[in-house]
Asks: 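Before anything else, here's the structure in question.
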Amino acid sequence: SELSGVVEYRNVTFAYPGAESPVLSNISFTARPGQTIAIIGSTGAGKTSLLSLLPRLYDAAEGEVLLDGVPVNNLDHAEITKRVALVPQRPYLFSGTIEHNLRFGKTDATDQELWEALRVAQGESFVREKSKALESRISQGGTNVSGGQRQRLCIARALVTKPRVYLFDDSFSALDVATDARLRAALKDTTADATVIIVAQRVSTITEADQILVLDNGRIVDRGTHEELLETSPTYQEIVES
Ligand code: DUT
Ligand code: MG
């Protein structure tokens, strides 16, 4: 059956193991296929923590995170990663070739699929410019690629798995504004039927989102489109002006 990729957080409260107070309180939202939901908020607001609950890097103690109506706590890692790709805030590369790094989540991807993912992620030209292209080696820790190249390779890695749900954690911050814009335009086509949840620092990255959640101190304090929030949300206005 076709997996649709509906994400729902229902009254989710979460504290890190051993911590006294929660970093997320009473989080509720739904993200549907075809939608882009953006999460914005100051550093430490809980954006990364929020994303981490869907792929079960942590489990919420209260409330539920549902994937296509099923609590993720009832799904195993393989079932979740088949549908959900997380591009982490600190993208990591393995020592090995670019090809190994791109095939990590889907070992049977064709070369054509790898190049298509690189094209969308704006990584095609720098990989082509390397003398060994896909067979070029990434050194330990990925120190022989720049921060922006690393981000683009990790975005391409997520694209290769063709997930139903994309989680981008501040994935565009190391890119210059022009590359960011090109990448998001290409992503828009490729992810048109998918569910996209995107954490951003730059407001320009998310102005077109269907809904923006403004996170402050672990709570969703405001939600709406860019235009709506400009009128209704002092917290959002502060972020825009900062
Ligand atoms: N926190 C922990 N343990 C962790 C990770 C984070 O206690 O393993 C705390 C730090 C912070 C809160 O949780 O007070 C929220 O952190 P998170 O990383 O979710 O915040 P963010 O919104 O993603 O911040 P940034 O914009 O800096 O990425
Ligand atoms: Mg974060």
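Just so you know, ligand 1 is whichever comes first in the structure, and atom 1 is the first atom listed for that ligand.
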Asks: Does a side chain donor of either Arg182 or Gln122 reach within less than 3.5 Å of an acceptor in the other side chain?
Replies: yes

Asks: Please confirm whether the backbone N or O of Asp222 pairs with a side-chain atom of Ser233, one donor and one acceptor, at under 3.5 Å?
Replies: no

Asks: What's the verdict on side chain to side chain contact (heavy atoms under 4.5 Å, CB included) for Trp115 and Glu124, showing C-alpha distance, side-chain angles and the deciding distance?
Replies: CA-CA 7 Å; Trp115 282 113; Glu124 189 180 9; 3.9 Å; yes

Asks: Looking only at heavy atoms, which two atoms of Ser173 and Arg202 are closest? And how far apart?
Replies: O-NH1, 4.3 Å

Asks: I need the atoms of ligand 1 closer than 4.0 Å to a non-hydrogen atom of Gln201, numbered in the order shown.
Replies: 26 (O)

Asks: What protein heavy atom is closest to atom 26 (O) of ligand 1, reported as residue, atom name and distance in Å?
Replies: Lys47 NZ, 2.7 Å

Asks: Nearest to atom 18 (O) of ligand 1, what protein heavy atom do you find, and at what distance?
Replies: Thr48 CB, 3.7 Å

Asks: Can you confirm whether some protein heavy atom lies under 4.0 Å from atom 10 (C) of ligand 1, or whether none does?
Replies: no

Asks: Is it the case that the side chain of Arg152 and the backbone of Gly148 share a donor-acceptor pair, with hydrogens and angles ignored and the cut-off at 3.5 Å?
Replies: yes

Asks: Between Thr43 and ligand 1, which residue portion shows a heavy-atom distance shorter than 4.0 Å: side chain, backbone, both, or neither?
Replies: both

Asks: If we ignore hydrogens and angles and just use 3.5 Å, is the side chain of Ser42 paired with the main-chain N or O of Ala45 as donor and acceptor?
Replies: no

Asks: Between Ser49 and the Mg ion (ligand 2), is there a contact where an N/O/S atom of the residue lies under 2.8 Å from the metal?
Replies: no

Asks: Would one find an N, O or S atom of Gln89, in either backbone or side chain, under 2.8 Å from the Mg ion (ligand 2)?
Replies: yes

Asks: Show which atoms of ligand 1 fall inside a sub-4.0 Å distance from at least one heavy-atom site of Ser49.
Replies: 15 (C), 16 (O), 17 (P), 19 (O)

Asks: Please report, to 0.1 Å, the donor-acceptor pairs under 3.5 Å made by any side chain of residues 20-30, with sequence neighbours excluded.
Replies:
from	atom 1	to	atom 2	distance (Å)
Ser28	OG	Asn11	N	2.8
Ser28	OG	Asn11	OD1	3.2

Asks: Between Tyr16 and ligand 1, does any nitrogen or oxygen pair lie at a separation below 3.5 Å?
Replies: no

Asks: Closer than 4.0 Å to some heavy atom of Ala45 - which atoms of ligand 1 meet that?
Replies: 20 (O), 22 (O)

Asks: Please identify which atoms of ligand 1 are closer than 4.0 Å to at least one heavy atom of Val23.
Replies: 12 (C), 13 (O)

Asks: What atoms of ligand 1 come within less than 4.0 Å of a heavy atom belonging to Gln89?
Replies: 25 (P), 28 (O)

Asks: Using modelled atom types and a 3.5 Å cut-off, is there a donor and acceptor pairing between side-chain atoms of Glu99 and backbone atoms of Glu135?
Replies: no

Asks: Thr48 and Gln89: side-chain donor and acceptor closer than 3.5 Å?
Replies: yes

Asks: Which of the numbered atoms in ligand 1 are below 4.0 angstrom from a heavy atom of Gly44?
Replies: 11 (C), 12 (C), 15 (C), 20 (O), 21 (P), 22 (O), 24 (O), 25 (P), 27 (O)

Asks: Is there a heavy atom of Gly46 sitting under 4.0 angstrom from any atom of ligand 1?
Replies: yes

